[in-house]
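Here the structure is laid out as structure tokens; the discussion comes afterwards.
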Amino acid sequence: MKKRKGKIFVLSSPSGGGKTSVCECLKKENFGVRFSVSATTRKPRANEKNGRDYIFLSEGRFKKLRSHGKFLEWTFNFDDLYGTPKDFVKKILSSGKDVILAIDVKGAMQIKKIERPSVLIFLLPPSFGHLKKRLKGRRTEDKETITKRLRIAKRELSYSNRYDYTVVNNSLREAVDTVKAIIIAERNRVRR
């Protein structure tokens with residue numbers, strides 16, 4: 001029997017849409033997937049740790065790694081660079097394990113073009129009003145940054161029809177269960 005190659009599952013949402021919360025629940029449940037840690041040039045928030053939440057890099061270091069092809073995908077968002085380390089993902093896939101990339105829509109569209117098999121899942125907020133409330137409730141950004149994130153969110157929501165699945169994140173528990181069901185179904189898919 002041929003050894004199973006892992007799959008890439010991309011999880012996207014606008015800022016405040018819940019992708020980090022869904023991933024945290026899946027990690028706690030030990031669901032049998034690995035999680036990629038993105039690299040970024042942005043400053044860490046108070047509760048974030050290097051290597052756990054993000055790999056925090058200087059802009060110069062990020063650009064050097066990018067020029068050497070070390071990112072599977074990369075984007076410029078909110079005045080900072082973000083990217084998925086290629087070697088980490090390839091190692092997981094070759095071991096037969098699945099990996100989740102919690103990335104934005106620009107990165108997801110890059111993955112869709114270059115990586116097969118990949119499965120794209122978009123988390124939708126129940127409404128734009130809910131999204132606005134979630135962003136304000138995080139208390140991690142100032143009013144100007146929230147306004148900018150909401151403007152970008154409107155554009156990102158228009159990408160949802162380019163994904164394989166959409167999941168409305170009205171309830172975190174239901175969203176997590178739906179993402180788990182998608183992963184189980186895709187693991188058992190005969191052809192794509």
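Here the structure is a predicted model, which is why all the values come from computation and not from measurement.
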From K97, R187, K7, residue fulfilling side-chain contact (heavy atoms from CB on, under 4.5 Å) relative to V33: R187
Let me check something: do V119 and V176 share a hydrophobic cluster, defined by ILVMFWY side-chain heavy atoms less than 4.5 Å apart, either directly or through other members? yes
Would you mind reporting whether I182 and V167 have side-chain heavy atoms less than 4.5 Å apart? yes
Neighbour count above 12 (heavy atom, 6.0 Å) for E174 CD: no
Could you check whether any side-chain N or O of K19 sits under 3.5 Å from a backbone N or O of A102, counting only pairs where one atom can act as donor and the other as acceptor? no
Return the set of residues passing side-chain contact (heavy atoms from CB on, under 4.5 Å) with K27 (not counting sequence neighbours), or none when no residue passes. E24, F35
Classify the ring geometry between Y163 and F122 as parallel (under 30°), tilted (30 to 60°) or perpendicular (over 60°). perpendicular
Output a table of donor-acceptor pairs, distance under 3.5 Å, between side-chain atoms of residues 155-162 and any protein atom two or more places apart or on a different chain; print 'none' if there are none.
{"unit_1": "S158", "atom_1": "OG", "unit_2": "R155", "atom_2": "O", "d": "2.5"}
{"unit_1": "S160", "atom_1": "OG", "unit_2": "L157", "atom_2": "O", "d": "3.1"}

Is there a donor-acceptor pair under 3.5 Å between the side chain of K106 and the backbone N or O of F76? yes
Is V22 close to L172 at the side-chain level, that is, under 4.5 Å between some pair of heavy atoms? yes
Could you see if M109 belongs to whatever hydrophobic cluster contains I114? Use Ile, Leu, Val, Met, Phe, Trp, Tyr and a side-chain cutoff under 4.5 Å. yes
Within residues 80-91 or reaching into it, pairs that qualify as side chain to side chain donor-acceptor pair (under 3.5 Å) - sequence neighbours excluded: T41-D80, R42-Y82, E73-T84, K90-E115
Atom pair CD1 (I55) and OG (S38), whose distance is rounded to the nearest 0.5 Å: 8.0 Å
Between the side chains of E29 and R173, is the shortest nitrogen-to-carboxylate-oxygen separation below 4.0 Å, so that they form an ion pair? yes
Would you say that L11 contacts C23 through its side chain, given a criterion of any heavy-atom pair below 4.5 Å between the two side chains? yes
